[in-house]
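Worksheet: one structure, shown below.
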Amino acid sequence: MFDVDERRNIPATDRVLGEPPLAAAVERFGRQSVKRVVRAAQQRARKGEISPQNVVDEALRQLPRGAGGLRAVHNATGVLLHTNLGRARLSEAARHALWESAGTCDVELDTETGVRGRRAANTRGALLEAVPAAAEAHVVNNGAAALALVATGLAAGREIVLARGEMVEIGDGFRIPELLESTGARLREVGTTNRVHLEDYRRAVGPDTGCVLKVHPSNFVISGFTSTVEVAELAVLPAPVVVDIGSGLLSPHARLPAEPDANSALASGADLVTCSGDKLLGGPQSGLLLGTAPLVTRLRRHPLARALRVDKLTLSALHATLTGPSTPTAESLRRDPGELRERAEGIAEKLAAAGVPATHETTTATVGGGGAPGVELPSAAVALPEHYEPALRRGEPAVLTRVERGRCLLDLFALDPADDPEILAAVHAARTAPEP
Ligand SMILES: *Cc1c(COP(=O)(O)O)cnc(C)c1O
């Protein structure tokens, strides 16, 4: 405890706020937020928990980590698209685009003529260039919004013909059939859990059919006695064929041969494809509708479309994702297992040399987040004792790992090699982190 005299030395709020690091924090977090942590630090000094000289340092320690209310974390889980970690990591180009469009911008204005222009015409153009089989494109908030717009616009009060084996739950209780029915569309199930034939669809399609929907089971695999109907076969049916490919792969990927892509589905005869923008496409959260001009235009003009509209930030980040350099998601998928092993070995050796009980090993990473189920991606990890997991998770920067057989694995699959030094520093910091 300090005596009363010393407590009188507690610096006044305005003086603390005037200290350069805290003045900078006011610019970033706002005066009220910074004042709150300064008051709390003064209170601790009054109680004798810290010395009055440490009020500034204590306030700095208690500042929020980011002005956005979200904390940046490194994804060392070995799950490339982790829904809890914000799925795809945006490219530098996309991050820059977010910054550029953050002010006022020409999202719905033609600066040449000065009159209102089509919203985000350039993003639409980039999509059509990336998916040549699509005649028209529209962007909404996410994959679920794309499905809601399709169901409402094509089948409200009518039927959606859907295979029983494709009545899927995507995650966290999100069930596609429930979403579709919430729009007022009725589901007409065809086939059995494991098998469906063209004849099943043919019998179900009639005057009350709004569309035939094929949903990619993006988070599980059915094997054994199974049969599904290909898009090309469905295309003969007298109803619009919509394919929810889920992951947003725009063209085939050599490493993910079983993953459907937008261009192939449309080229095979689908009238419409829906997908997410923040899975394998590697962009911001968004939902894409790609397909024939009459169908996409009809949905784009539906009153509900206004409620599902994306903002300038999403549109610009998506444009940069489509036209800019390869995304971090694509880079991870391209990574050579040998290179990953060498990185893991290098980090483990540096740690071991400093006395950290680290080893390296080969692992299996996954795409996750609703993409490429069952695909095992050879990867490599730095292995640490299990107690590093909470320390790394709570550290600054935070590193999310996975615990396997009593060890904490730092899987390098989803990490940029440029971040390796930061990961190394985080492990050193975790070593001395106090128990919470
Ligand atoms: C992920 C997924 C969705 C939902 O997309 P969100 O962007 O998460 O709304 C819908 N269908 C399939 C097949 C998916 O994989």
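Every number for a ligand or one of its atoms is a count from 1 in the order of the listing. Sequential numbering from 1 along the given sequence is applied to the chain's residues. Predicted model, so just to flag it, every value in this text is computed and none were measured.
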Could you give the side-chain donor-acceptor pairs of residues 375-385 under 3.5 Å, partners two or more places apart or in another chain?
residue, atom, partner, partner atom, Å
Ser379, OG, Asp411, OD1, 2.6

Report the part of Lys279 (side chain from C-beta onward, or backbone N, CA, C, O) that has a heavy atom under 4.0 Å from ligand 1; answer both or neither where that applies.
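Side chain only.
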Using a heavy-atom cut-off of under 4.0 Å, does the side chain or the backbone of Arg87 touch ligand 1, or both, or neither?
side chain
Per the salt bridge (Lys or Arg N to Asp or Glu O under 4.0 Å) rule, which among Arg300, Arg118, Arg301, Arg298 passes with Glu136?
Arg118
Asp244 N/O to ligand 1 N/O under 3.5 Å:
yes
Pairs of nitrogen or oxygen atoms closer than 3.5 Å, one from Gly143 and one from ligand 1: do any exist?
yes
Do Ser326 and Glu331 have a side chain donor and acceptor closer than 3.5 Å?
yes
Do His74 and Glu422 get their side chains close enough for a donor-acceptor pair, meaning under 3.5 Å?
yes
So if I count the atoms of ligand 1 from 1 in the order they appear, which ones are less than 4.0 Å from some heavy atom of [X]?
X	answer
Phe174	4 (C)
Ala144	4 (C), 5 (O), 6 (P), 9 (O)
His216	13 (C)
Ser276	1 (C), 5 (O), 6 (P), 7 (O)
Ile176	10 (C), 11 (N)

Give a yes/no verdict on a cation-pi contact between Arg195 and Phe225, requiring under 6.0 Å between NZ or CZ and the six-membered ring centre and an angle within 45° of the axis.
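Arg195 over Phe225 ring: yes.
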Residue of the set Thr152, Leu289, Val140 for which side-chain contact (heavy atoms from CB on, under 4.5 Å) holds with Leu308
Val140
Does Glu389 pair with Arg402 as a salt bridge, N-O distance under 4.0 Å?
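Arg402 and Glu389: not salt-bridged.
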